[in-house]
Amino acid sequence: MSEEVGAPRSPSSAAGGQVPFLQKGLCACDSVPAKCRCPATISLPVPDTPQLQSRASLDSIIGQGCRIQVSVILPVRNTECWLDECLKSIVEQDFEGTMELSVFNDASKDNSINIIEKWKLKLEDVGIRVVIDGHDSPQPQGVGFAKNQAVIQSSGTYLCFLDSDDVMMPQRVRLQHEAAIQHPNSIIGCQVRREPLDSTERYTRWINNLAPGQLLTQVFTSHGPTVIMPTWFCSREWFCHVGKFNEGGKGVPEDLLFFYEHIRKGGGVFRVDQCLLQYRYHPQAATHSVLEGTIWNHRVRFLEDRALKHWTSFTIWNAGKQGRKLYRSLSPANQKKVAAFCDVDEKKIAKGFYTYQESKERPKPKIPIQHFRDATPPFIICVKLDLTGGAFEENLNTLDLKEGLDYHHFS
């Protein structure tokens, strides 16, 4: 995988040298915020009321054509019980640049749109521009569609993605904006606090504790993107270079597919190591509509495309259910590259071979099963992390291998 990532391509290398959505709302002086010479405030008569002062300043900036620096991208679908807290967290941001909120309402049937309209005035009072659109069709168009529409109608140089059931810490936009300037071709994430605290404990530890290098080496695991979607922050230019979210609707892992395409195009991954988001867990979350089998198939294809095509042979670490499932899911060409399974279970090792009974080949393929110390890297590891009391991790460390070169996790 390290051979594939390499130096990121410039977004200007996209077909025709043009990137969509970039002609809206450019500064009269320059489209790059760091070089923007538009005044932060315009010398106009100042109203007596402080709130009207903020509104006048905002209207003046927009009227002068100054580019918004950060657009908060907020798709909304029936989240009335969380919206007040979410929108309040936008008002409380300590970012001193220009901001806007771009909301797309995906056929909400509850009171969401009225709550948004109420907060529109409060946001504008503190200088945050608000753009609202949506539809009231009988059926929603899906999270991918709503995010794309919110991006299209926005005008910020940078995009800050937010789910309407989550809450930002006051420093989120400021710190991620600083990181995005330093890492222009990266998705910027952050650490999170899970709500409720005792939900998805292993997943939350994984999100928060991956080492910087693992943000690229652990992209094949069942946990999904190594920085989670509600924490994403990136430049508009890079987003448009990668392309829009899949709009297949319910059951499509649009964030995972976008993340994979981002990696394919040479994008980096960076995490601000501070807790900048309260990440809510609840049964109504859209992620629960995606079938495990759908995600599995996308993961296998990405693994084959990014790692296995560079290897002439490899070992699957786990001779049990998950390891055999991976073998059966591989293309015929990659099945032939499997030199062995390896394990620590003496009963599995004693069998000597795994016979692929479903194969149409004659004789049926028989794959050796070895002890992990006798197996030859590279490995695809199908053992779940953080579930063996450290025993698996200790075994792996004894081999003195390099993650991303000698092995990949696929657990």
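Quantities reported herein were computed from a predicted structural model and do not represent experimental measurements.
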Kindly indicate whether the side chain of [X], heavy atoms from C-beta on, has any atom under 4.5 Å from the side chain of [Y].
X    : Y    : result
L210 : R271 : yes
Q171 : L276 : yes
V151 : L159 : yes
F95  : H177 : yes
L162 : M168 : yes
R280 : D163 : no
L121 : V130 : no

Check: [X] ring centre within less than 6.0 Å of [Y] ring centre:
X    : Y    : value
F392 : W317 : yes
F145 : F104 : yes
F379 : F372 : no

How far does [atom1] of [X] sit from [atom2] of [Y], to the nearest 0.5 angstrom?
X    : Y    : atom1 : atom2 : result
Q93  : L123 : CD    : CG    : 11.0 Å
I68  : S155 : CD1   : OG    : 5.0 Å
F220 : H409 : CZ    : NE2   : 12.0 Å
N185 : K265 : CG    : NZ    : 12.0 Å
T217 : K402 : OG1   : NZ    : 9.0 Å
I188 : C160 : CD1   : SG    : 11.5 Å

[Y] six-ring face occupied by [X] cation (under 6.0 Å, within 45°):
X    : Y    : answer
K325 : W296 : yes
K364 : Y356 : no
R193 : Y279 : no

Inset, instruction - Give a yes-or-no answer on whether the side chains of E304 and N334 include a donor-acceptor pair shorter than 3.5 Å. - result: yes

Inset, instruction - For the residue pair Q278 and D166, confirm or rule out a side-chain donor-acceptor distance under 3.5 Å. - result: no

Inset, instruction - Determine the interplanar angle of the F239 and F258 rings, folded into 0 to 90°, and report it as parallel if under 30°, tilted if 30 to 60°, perpendicular if over 60°. - result: parallel

Inset, instruction - Specify whether W232 and F245 have parallel, tilted or perpendicular ring planes, treating 30° as the upper limit for parallel and 60° as the lower limit for perpendicular. - result: parallel

Is any side-chain N of the basic residue among [X] and [Y] closer than 4.0 Å to the acidic one's carboxylate O?
X    : Y    : answer
E254 : K244 : no
R174 : D94  : yes
D305 : R264 : yes
D386 : K384 : no
E361 : K366 : no

Inset, instruction - Give the minimum heavy-atom separation between T226 and L215, together with the two atoms involved. - result: OG1-O, 2.7 Å

Evaluate whether atom [atom1] of [X] has more than 12 neighbouring non-hydrogen atoms of other residues, nucleotides or ligands under 6.0 angstrom away.
X    : atom1 : result
K109 : NZ    : yes
E394 : CD    : no
E358 : CD    : yes
E393 : CD    : yes
K351 : NZ    : no
D400 : CG    : no

Inset, instruction - Look only at the side chain of D110 and the backbone of T79, and say whether a donor-acceptor pair between them is shorter than 3.5 Å. - result: yes

Legend entry - Donor-acceptor under 3.5 Å (T231 side chain, I228 main chain): yes

Inset, instruction - Can you spot which of Q176, R172, Q191 makes a side chain to side chain contact (heavy atoms under 4.5 Å, CB included) with V272? - result: Q176

Legend entry - Partner of D106 by side chain to side chain donor-acceptor pair (under 3.5 Å), out of K147, R77, Q139, H135: H135

